[in-house]
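Throughout, protein chains are lettered first and strands after them, A, B, ... in sequence-line order, and every chain is numbered starting at 1.
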Number of protein chains: 2
Amino acid sequence: MLRDFQTVLKKLHLKVTPKRLAILEILKNESVYLSPEEVWRKLRKQFSRVGLPTVYRNLEELAQGDVISKVTHPNRQLYYYFCLNPSHHHHFICLSCRTVEDIDFCMFRELEKRVKQELKGRVVSHILQVNGLCKKCLKKDGESHA
Amino acid sequence: MLRDFQTVLKKLHLKVTPKRLAILEILKNESVYLSPEEVWRKLRKQFSRVGLPTVYRNLEELAQGDVISKVTHPNRQLYYYFCLNPSHHHHFICLSCRTVEDIDFCMFRELEKRVKQELKGRVVSHILQVNGLCKKCLKKDGESHA
DNA sequence: TGCATTAATAGAAATGGTTTCTATTTACAT
DNA sequence: ATGTAAATAGAAACCATTTCTATTAATGCA
Ligand SMILES: [Zn+2]
Ligand SMILES: [Zn+2]
Ligand SMILES: [Zn+2]
Ligand SMILES: [Zn+2]
């Protein structure tokens, strides 16, 4: 697995630094999306000296390289998530517990085709994200009202 | 048209103030999305005293009330757009000239159904937006390279 | 293995879009 | 007209994110 990350980083022409690998490990071991500061707090448990700007920079680089994915949160702050699913897909994110679940169903290909045909524009990127409350949080909420 | 905005505001239990109406007029007369500060600059042409926080507050209230729509921009800053299309739809936004075009084709209903069935979660909101370069900007770009 | 090159980093500082706060004014129901 | 609750101006604060610079570390090659 370490080898895998190294390969990925090299493909992106990013140097394989201990902190870069640690950031990836932190995200990989989380089932929820994290803010840069949260990643930083976890990182500080392993490194005595580590700057918050380093975390911001690394997260952005890794997101640019499609190694991790960025969450589009209603509060407009930055959150990142490591997703094992290598194919194009989108996410259902829980606004309460931050769980991320894959939406393998992507109807974007058809949409993109129509945008190109009907609007004659060039598609640079698209955002499709479903925000809500996950199964577990719904259950929790139900109990508290019981 | 003035009457229309008044009705809309009253339904939302928002008082009909001159500045609120002016903000709506400004957005309605624009074919591109605007930042709060840009709305403010235009507003200052009509009112000698007007605060930027007023603009922020009004835009947010109007967006909450579905009178205007918020743009999810890659730079994570706030932009708003007044859309005449009353039915549920999404937008193609030009990252260059800020033009907004409707995508009447919404395949969200099916997606939502699947999210509910397969993930057993509650959908609170969804974001679907296509970012790119519009027909006009593509043409402009092509000419500059010619 | 040593060296040159270039990227990565720490830490401090700045940034600036956005929000908060409070006194004052305004809309509007009665 | 009058009372009340909402809306506002202006100043100030906020704080997540970015910039800056000197230092350190990774990497490719001799
Ligand atoms: Zn949840
Ligand atoms: Zn995923
Ligand atoms: Zn354009
Ligand atoms: Zn529209």
Side-chain angles (χ1 to χ4, degrees), chain A residues 2-3 5-24 26 33-65 67-68 70-80 98, chain B residues 2-3 5-24 26 33-65 67-68 70-80 98:
Chain A
L2 190 70
R3 172 55 38 94
F5 280 154
Q6 289 193 359
T7 309
V8 167
L9 293 180
K10 279 180 181 154
K11 269 185 193 150
L12 296 172
H13 305 292
L14 294 173
K15 289 185 177 173
V16 180
T17 68
K19 280 160 192 176
R20 198 113 71 188
L21 290 172
I23 288 172
L24 276 170
I26 286 168
Y33 53 90
L34 295 177
S35 70
E37 186 163 349
E38 286 163 342
V39 173
W40 182 54
R41 283 206 292 266
K42 288 174 186 290
L43 203 59
R44 279 198 299 182
K45 291 176 182 167
Q46 304 174 46
F47 300 90
S48 54
R49 333 178 92 213
V50 54
L52 188 49
T54 295
V55 177
Y56 272 89
R57 187 175 9 84
N58 273 283
L59 290 172
E60 188 53 36
E61 286 162 346
L62 294 169
Q64 289 296 329
V67 185
I68 62 178
K70 205 184 279 204
V71 170
T72 303
H73 201 277
N75 71 8
R76 293 184 0 270
Q77 289 178 207
L78 289 169
Y79 297 98
Y80 296 90
R98 298 183 170 190
Chain B
L2 192 68
R3 171 55 37 95
F5 279 155
Q6 290 194 358
T7 309
V8 167
L9 292 180
K10 279 180 180 154
K11 270 185 192 150
L12 295 173
H13 306 292
L14 294 174
K15 290 185 175 173
V16 179
T17 69
K19 281 161 193 174
R20 199 113 71 188
L21 291 172
I23 288 172
L24 276 169
I26 286 169
Y33 52 90
L34 296 178
S35 70
E37 185 164 350
E38 286 163 343
V39 173
W40 181 55
R41 283 206 291 267
K42 288 173 186 291
L43 202 59
R44 279 197 298 183
K45 291 176 182 165
Q46 304 175 47
F47 300 89
S48 54
R49 332 179 90 212
V50 54
L52 188 49
T54 296
V55 177
Y56 272 89
R57 187 174 11 83
N58 274 284
L59 290 173
E60 188 53 35
E61 287 162 346
L62 294 170
Q64 288 296 328
V67 184
I68 61 178
K70 205 184 279 203
V71 169
T72 302
H73 201 276
N75 71 8
R76 294 184 359 270
Q77 289 178 206
L78 289 168
Y79 297 97
Y80 296 91
R98 296 184 172 190

Are any of [X]'s side-chain N or O atoms less than 4.0 Å away from OP1 or OP2 of [N]?
X: A:Asn75; N: D:dA16; answer: no
X: A:Thr17; N: C:dT9; answer: yes
X: A:Thr54; N: C:dA10; answer: yes
X: A:Arg49; N: C:dT9; answer: no
X: B:Arg57; N: D:dA9; answer: no

Pair A:Leu9-A:Lys15, side chain to side chain contact (heavy atoms under 4.5 Å, CB included): steps then yes or no: CA-CA 7 Å; A:Leu9 293 180; A:Lys15 289 185 177 173; over 6 Å; no
Note: A:Lys42-A:Glu38 ion pair, threshold 4.0 Å (strictly below): no
Could you give the [atom1]-to-[atom2] distance, from [X] to [N], as a whole number of Å?
X: A:Leu62; N: C:dA8; atom1: CG; atom2: P; answer: 11 Å
X: A:Phe47; N: D:dA25; atom1: CZ; atom2: C1'; answer: 13 Å
X: A:Arg76; N: D:dT17; atom1: CZ; atom2: P; answer: 10 Å
X: B:Ile23; N: D:dA9; atom1: CD1; atom2: C1'; answer: 13 Å
X: B:Leu78; N: D:dA16; atom1: CG; atom2: C1'; answer: 14 Å
X: B:Leu9; N: D:dA6; atom1: CG; atom2: C1'; answer: 13 Å
X: A:Lys19; N: C:dA7; atom1: NZ; atom2: C1'; answer: 14 Å
X: A:Leu24; N: C:dA8; atom1: CG; atom2: P; answer: 13 Å

Worked verdict on B:Leu24 versus B:Ile68 for side chain to side chain contact (heavy atoms under 4.5 Å, CB included): CA-CA 8 Å; B:Leu24 276 169; B:Ile68 61 178; 4.1 Å; yes
5' priority, DNA chain C, between B:Gln77 and B:Pro18 [closest heavy atom]: B:Gln77
Contact nearer the 5' end of DNA chain C, comparing B:Ser35 with A:Val50: A:Val50
Side chain to side chain contact (heavy atoms under 4.5 Å, CB included) assessment of B:Leu34 paired with B:Ile26: CA-CA 10 Å; B:Leu34 296 178; B:Ile26 286 169; 4.0 Å; yes
5'-most by nearest nucleotide on DNA chain D - A:Tyr56 or B:Pro53: B:Pro53
Touch class at under 4.0 angstrom, heavy-atom based, for B:Arg20 against every strand present: sugar-phosphate
Heavy-atom donor-acceptor pair, A:Lys15 side-chain to C:dT6 base, under 3.5 Å: yes
Non-hydrogen side-chain atoms of A:His73 and A:Tyr33 separated by less than 4.5 Å: yes
